[in-house]
Colleague: 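Following this message is one structure expressed as structure tokens.
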Amino acid sequence: MPRPVIFLDRDGTLNVDKGFVHRVADWEFTDRAPDALRELRDAGYALALVTNQSGVGRGYFTLEDVHVLHEYVRQQLAQYGVTLDAIAVCPHAPDDGCECRKPRTGMARQIETQLGEPIAYEQSWIIGDKFSDLEFGRALGTQVCLLRSRYWDEDQLPGASVLITDSLYESAQAIIARSTR
């Protein structure tokens, strides 16, 4: 049976965007992020982190640095009783032409493989802070929640329906309210 998934962007959504975050010392959850994830999980969603990490492709840090950081994130979330079901990383630079860099959908296929079950895309959501997250969701056929950020302006949004919030926690509350209608 297909499972609904929350596809989570990382920098600017799950953690404070400090530019190319790749060290444990630089990790800082956004306000109430672990609470948001716990509530989404309790509402029946699988949690999948999907993150473009072009700093690897640009030579700023290694893929191993990213894996070490993500293991730390998993440990931190465990303290809140939260588990990430899957993590997909695009390590390529923007001009590499890969199939995994958002808004392309390669990371969704990686997530589906990790979950070991099909994804109910129509009941799933992408939560992110950039147009690439919006386009990723549209390409997959998920619902889209954009966090207000310096990367876009509401006047630039194409006409389709998009949930707009100020935080991951606010996003979780709105998504859960919509799913219980």
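Source: prediction; values computed, not measured. Values below: every heavy atom of this structure, side chains too, minus hydrogens, waters and symmetry copies.
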Colleague: What's the separation between atom CH2 in W125 and atom CG in L163, rounded to the nearest 0.5 Å?
Modeller: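 That separation rounds to 5.0 Å.
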Colleague: Would you please name every residue forming a ring pair (Phe, Tyr, Trp, His ring centres under 6.0 Å) with F29, sequence neighbours left out?
Modeller: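 If we apply the ring pair (Phe, Tyr, Trp, His ring centres under 6.0 Å) test to F29, skipping adjacent residues, the hits are W27.
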Colleague: Might you point out which heavy atoms bring E112 and P118 nearest each other, and give the distance in Å?
Modeller: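 Taking E112 first and P118 second, the nearest heavy atoms are OE2-CA, 2.9 Å.
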Colleague: Check whether any side-chain N or O of S54 sits under 3.5 Å from a backbone N or O of G57 as a donor-acceptor pair, and report yes or no.
Modeller: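 Not confirmed, S54 side chain does not pair with G57 backbone.
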Colleague: State which residues pass ring pair (Phe, Tyr, Trp, His ring centres under 6.0 Å) with Y80; sequence neighbours excluded, sorted by chain then number.
Modeller: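 Y80 satisfies ring pair (Phe, Tyr, Trp, His ring centres under 6.0 Å) with no residue once adjacent residues are dropped.
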Colleague: Quick check for you: to the nearest 0.5 Å, what is the distance between R3 atom CZ and I119 atom CD1?
Modeller: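 Separation between the atoms: 10.0 Å.
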Colleague: Do K18 and E28 touch side chain to side chain, with heavy atoms closer than 4.5 Å?
Modeller: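 A side-chain contact exists here, since the closest heavy-atom pair is under 4.5 Å.
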Colleague: Is there side-chain contact between S167 and D31, with heavy atoms separated by less than 4.5 Å?
Modeller: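 The answer is no; the side chains never approach within 4.5 Å.
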Colleague: Are L49 and F20 linked, directly or through other ILVMFWY residues, by side chains that come within less than 4.5 angstrom of each other?
Modeller: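 As far as the 4.5 Å side-chain criterion goes, F20 and L49 are connected within one cluster.
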Colleague: Which label fits F61 and H22: parallel for a plane angle under 30°, tilted from 30 to 60°, or perpendicular past 60°?
Modeller: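 Taking H22 first and then F61, their aromatic rings lie parallel (interplane angle under 30°).
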Colleague: Does the side chain of T51 come under 3.5 Å of the side chain of Q53 through a donor N or O and an acceptor N or O?
Modeller: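 Yes, a side-chain donor-acceptor pair sits under 3.5 Å.
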Colleague: What salt bridge (charged side-chain N to carboxylate O under 4.0 Å, His left out) pairs are there with at least one residue in residues 36-58, not counting sequence neighbours?
Modeller: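 Qualifying pairs: D35-R38, R41-D85.
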Colleague: Identify, with sequence neighbours excluded, every residue that meets ring pair (Phe, Tyr, Trp, His ring centres under 6.0 Å) alongside H70.
Modeller: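 Listed in chain order: nothing, the list is empty.
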Colleague: Under 4.5 Å between any side-chain heavy atoms of N52 and K130, yes or no?
Modeller: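 When only atoms from C-beta onward are counted, K130 and N52 do not touch, as no gap falls below 4.5 Å.
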Colleague: Could you measure the distance from the CG atom of D133 to the CG atom of L8? Nearest 0.5 Å is fine.
Modeller: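 Going from the CG atom of D133 to the CG atom of L8 covers 10.0 Å.
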Colleague: Quick one: ring pair (Phe, Tyr, Trp, His ring centres under 6.0 Å) partners of Y121, sequence neighbours excluded?
Modeller: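 So Y121 forms no ring pair (Phe, Tyr, Trp, His ring centres under 6.0 Å) with any residue.
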Colleague: Does any non-hydrogen side-chain atom of L77 lie less than 4.5 Å from one of V73?
Modeller: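 A side-chain contact exists here, since the closest heavy-atom pair is under 4.5 Å.
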Colleague: Indicate yes or no: at least one non-hydrogen side-chain atom of L37 is less than 4.5 angstrom from one of L168.
Modeller: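 L37 vs L168: side chains touch.
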Colleague: How long is the span from the CZ atom in R138 to the CD1 atom in I126, to the nearest 0.5 Å?
Modeller: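 Here the interatomic distance stands at 12.5 Å.
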Colleague: Does the side chain of D96 come within less than 4.5 Å of R101's, by heavy atoms?
Modeller: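 No, every pair of side-chain atoms sits at 4.5 Å or beyond.
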Colleague: Compare all side-chain heavy atoms of C100 with those of H92 and state whether any distance is below 4.5 angstrom.
Modeller: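 Result yes, sub-4.5 Å side-chain heavy-atom pair found.
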Colleague: Under a 4.5 Å cut-off applied to non-hydrogen side-chain atoms, are F7 and L140 in contact?
Modeller: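 Of all side-chain heavy-atom pairs linking L140 with F7, at least one is under 4.5 Å.
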Colleague: Looking at D17, D11, T13, which hits side chain to side chain donor-acceptor pair (under 3.5 Å) with N15?
Modeller: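 Going through the options one by one, the only one that passes is D11.
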Colleague: Should V68 and L63 be regarded as members of a common hydrophobic cluster, given that ILVMFWY residues are connected when their side-chain heavy atoms come within less than 4.5 Å of each other, either directly or indirectly?
Modeller: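 No, it is not one cluster - the side chains of V68 and L63 are not joined through contacts under 4.5 Å.
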Colleague: Tell me the closest heavy-atom pair linking L14 and A33, and the distance in Å.
Modeller: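 It is O-CB, 3.7 Å.
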Colleague: By salt bridge (charged side-chain N to carboxylate O under 4.0 Å, His left out), which residues pair with E99, not counting sequence neighbours?
Modeller: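 Expected list: none.
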